[in-house]
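Shown next, in structure tokens, is the structure this report addresses.
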Amino acid sequence: MIIKEAEFCQKSKLNDQISIEFNGTSHEIKKLIILLVEVKAKFSVFGEKVIAVTTRMILEQLLSKWPTVFETDNGSLRRILQDSRILFKGNGFSFDITTDPLIYSILNITPDSFYDGGVNTDVKTVLKKIEREIQAGASIFELGGKSSKPSFADISANEEWARIAPYIKEIKKAFPDIILALDSNTDTVVERALDEGIQIINDIDGFVSKKKLELINTYKPAVVTMFNGRNNPENNKTFQNDLKKYFINSIEKLKKCGLATSNIVIDPGVGFSNVRVLEFDLLKIQSIKILSELNIPIMIAVSRKSFTSKLFDLKEEERLLPTLLFESYMVQYGGRILRVHDVKETKEMIEIHKICRQKLELG
């Protein structure tokens with residue numbers, strides 16, 4: 001039997017649907033149809049050709065049952081399953097995020113961040129928070145030394161570094177296997193952090209500076225590249241296509257520095273606009289659908305952000321429920337790395353989302 005992958009449905013690996021074409025003799029096709037019915041795959045028959053639409057879960061079942069029907073393993077299906085994966089990799093870590101998202105915890109070491117400013121005031125408090133959030137399901141922890149909220153007060157590179165440097169050493173000592181990220185757009189701070197072994201750099205400016213690209217080329221960290229509407233024009237009529245083009249260009253620049261696509265995460269930049277902020281925040285949330293066509297890790301960074309206040313007149317401490325609902329929507333359409341303040345609740349949302357997905361697939 002000849003097997004080939006027709007396409008990832010809707011051009012995206014992240015929507016968890018794969019269209020596969022089978023060609024064989026009439027006898028082979030009859031056996032295949034029985035097998036596809038057994039694993040509950042959707043399919044159409046065209047003479048001696050069958051096109052099946054499967055999820056990864058169904059494809060795994062198909063692979064496990066294939067030898068009992070055809071008396072041989074199926075290397076072609078195994079390769080299709082392997083090629084359908086989306087990975088996020090860096091120094092010392094590799095995550096398969098094809099179906100299950102990661103929780104990426106925010107550790108702001110700042111007095112003025114919009115939600116948790118002044119909370120992480122000493123190393124002991126932060127270490128307890130990390131221990132608690134590892135148990136709750138966090139995989140990555142991101143340190144931030146200055147706020148990037150609207151109208152934030154900028155600080156010097158020395159002050160930013162002085163805030164986070166003491167924490168890096170103590171965190172690594174207490175948790176030697178931890179995956180640490182840095183939220184900074186300051187060249188010298190990024191360089192110092194890379195020297196200290198930080199594995200992921202999250203740049204709200206999308207690595208537009210020559211110096212940062214040189215650092216990426218030298219150190220080869222994993223990165224989060226963001227679209228910042230405060231620095232770039234935003235046109236609501238062409239926004240989603242403009243955003244996709246922006247990330248295609250950003251990804252190519254980073255690949256020229258020696259990164260693989262599995263080392264790069266894209267973030268549409270919810271909360272970073274100068275005009276009609278709510279309108280563009282909603283467009284950025286909706287853009288997950290089109291960005292998933294890039295088949296690259298996508299960050300969900302909407303945690304407790306102010307667009308929910310504009311929709312529902314909520315204070316920061318009241319924004320958890322809309323945050324979780326918007327995150328669930330973005331996970332459904334391809335978001336896979338959730339940058340959050342509320343790890344335990346996010347983990348519960350992911351588990352509920354997973355149960356619903358499996359029950360719908362199997363039911």
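Values below: every heavy atom of this structure, side chains too, minus hydrogens, waters and symmetry copies. Every value quoted in this text rests on a predicted model; they were computed, and no experiment measured them.
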The test is side chain to side chain contact (heavy atoms under 4.5 Å, CB included); show your working for Val126 and Ile171 and say whether it passes. CA-CA 8 Å; Val126 170; Ile171 290 170; 4.1 Å; yes
Check whether any side-chain N or O of Ser303 sits under 3.5 Å from a backbone N or O of His341 as a donor-acceptor pair, and report yes or no. yes
Would you say the side-chain atoms of Asp242 and Thr238 include a donor-acceptor pair closer than 3.5 Å? yes
Give a yes-or-no answer on whether the side chains of Lys220 and Asn91 include a donor-acceptor pair shorter than 3.5 Å. no
Spell out, as yes or no, whether a donor-acceptor pair under 3.5 Å connects the side chain of Asp342 to the backbone of Glu345. no
Main-chain N/O of Gly269 paired to Lys284 side chain as donor or acceptor, under 3.5 Å: yes
Between Leu338 and Pro101, which heavy-atom pair has the shortest distance, and what is it? CD1-CB, 3.3 Å
State yes or no: do Ile80 and Val39 share one hydrophobic cluster built from I, L, V, M, F, W and Y residues joined by side-chain heavy-atom distances below 4.5 Å, directly or via other members? yes
Spacing of CD1 belonging to Ile198 relative to CG belonging to Leu143, to within rounding of 0.5 Å: 5.5 Å
Any sub-3.5 Å donor-acceptor pair from Thr323's side-chain atoms to Arg319's backbone N or O? yes
Of all heavy-atom pairs linking Gly271 and Asp281, the shortest is N-OD1, 2.7 Å
Does NZ in Lys89 sit with more than 12 non-hydrogen atoms of other residues, nucleotides or ligands closer than 6.0 Å? no
Counting distance only, does the side-chain N/O of Ser19 pair as donor-acceptor with the main-chain N or O of Val53 below 3.5 Å? no
Trace of the salt bridge (charged side-chain N to carboxylate O under 4.0 Å, His left out) decision for Glu351 with Lys354: CA-CA 5 Å; Glu351 291 303 313; Lys354 186 175 181 179; 5.2 Å; no
Parallel, tilted or perpendicular: rings of Trp66 and Phe22 (30°, 60°): parallel
Hey, quick one: are Ile350 and Leu324 part of the same hydrophobic cluster, counting side-chain heavy atoms closer than 4.5 Å, chains of contacts allowed? yes
Take Ser287 and Gln240 through the side-chain hydrogen bond (donor to acceptor under 3.5 Å, both in side chains) test and state the conclusion after the steps. CA-CA 6 Å; Ser287 73; Gln240 293 195 0; 5.7 Å; no
Compute whether any side-chain donor of one residue and acceptor of the other, for Ser156 and Asn158, lie under 3.5 angstrom apart. no
Look only at the side chain of Lys305 and the backbone of Ala301, and say whether a donor-acceptor pair between them is shorter than 3.5 Å. yes
Matching residue for Asn185 among Asp205, Asn202, Asp203 - test: side chain to side chain donor-acceptor pair (under 3.5 Å): Asp205
Which heavy atom of Val343 sits nearest to which heavy atom of Ala138, and what is that distance? CG1-N, 3.7 Å
Would a hydrophobic clustering, with Ile, Leu, Val, Met, Phe, Trp and Tyr connected at side-chain separations under 4.5 Å, put Phe227 with Ile248? yes
Does Lys65 have more than 12 heavy atoms from other residues, nucleotides or ligands lying within 6.0 Å of its NZ? no
Quick one: do the Glu48 and Asn23 side chains pair a donor with an acceptor below 3.5 Å? no
Grouping I, L, V, M, F, W and Y whenever their side-chain heavy atoms are under 4.5 Å apart, do Val45 and Leu36 come out in a common cluster? yes
Under 4.5 Å between side-chain heavy atoms, hopping through other hydrophobics if needed: is there a path connecting Ile33 to Val69? yes
Show the numbers, then the answer: is there a side chain to side chain contact (heavy atoms under 4.5 Å, CB included) between Ile216 and Val223? CA-CA 9 Å; Ile216 298 306; Val223 299; 3.6 Å; yes
With no hydrogens and no angle check, is any side-chain donor or acceptor of Tyr333 less than 3.5 Å from a backbone partner on Ser292? no
Does any N or O in the side chain of Thr186 come within less than 3.5 Å of the main-chain N or O of Thr188, such that one atom is a donor and the other an acceptor? no
Any side-chain heavy atom of Arg339 sitting closer than 4.5 Å to one from Asp183? yes
Should Lys211 and Glu191 be marked as a side chain to side chain contact (heavy atoms under 4.5 Å, CB included) after you check the CA-CA gap, both sets of side-chain angles, and the distance that decides it? CA-CA 9 Å; Lys211 176 63 176 176; Glu191 184 169 19; 3.6 Å; yes
Any chance the side chains of Lys42 and Thr54 put a donor and an acceptor closer than 3.5 Å? no
A quick test of your reading: do over 12 heavy atoms of other residues, nucleotides or ligands sit less than 6.0 Å from CD of Glu214? yes
Under 3.5 Å, side chain of Thr98 to main-chain N/O of Ile86, donor-acceptor pair present? yes
What are the two closest heavy atoms between Ser250 and Thr225, and how far apart are they? OG-OG1, 2.8 Å
Nearest heavy-atom approach of Lys255 to Ile264 is CG-CD1, 4.2 Å
When you check the gap from the basic side-chain N to the acidic O, do Arg192 and Glu196 get nearer than 4.0 Å? no
Here the gap from Met330 atom CE to Lys289 atom NZ, rounded to the nearest 0.5 Å, amounts to 12.0 Å
Return yes if some donor-acceptor pair links the side-chain N/O of Arg78 with the main-chain N/O of Leu63 below 3.5 Å, else return no. no
Salt bridge between Lys31 and Glu28, side-chain N to carboxylate O under 4.0 Å? no
Side chain to side chain contact (heavy atoms under 4.5 Å, CB included), that's the test. Do Leu182 and Glu142 meet it? Break it down for me. CA-CA 5 Å; Leu182 172 73; Glu142 181 188 85; 5.9 Å; no
Using only heavy-atom distances, determine whether the side chains of Arg56 and Ser84 contain a donor-acceptor pair under 3.5 Å. yes
Got a second to check how far Ile140's CD1 is from Leu180's CG, nearest 0.5 Å? 10.0 Å
Salt bridge check, Glu252 against Lys256: does any charged N sit closer than 4.0 Å to a carboxylate O? no
With ring centroids as reference points, do Tyr104 and Phe141 lie under 6.0 angstrom apart? no
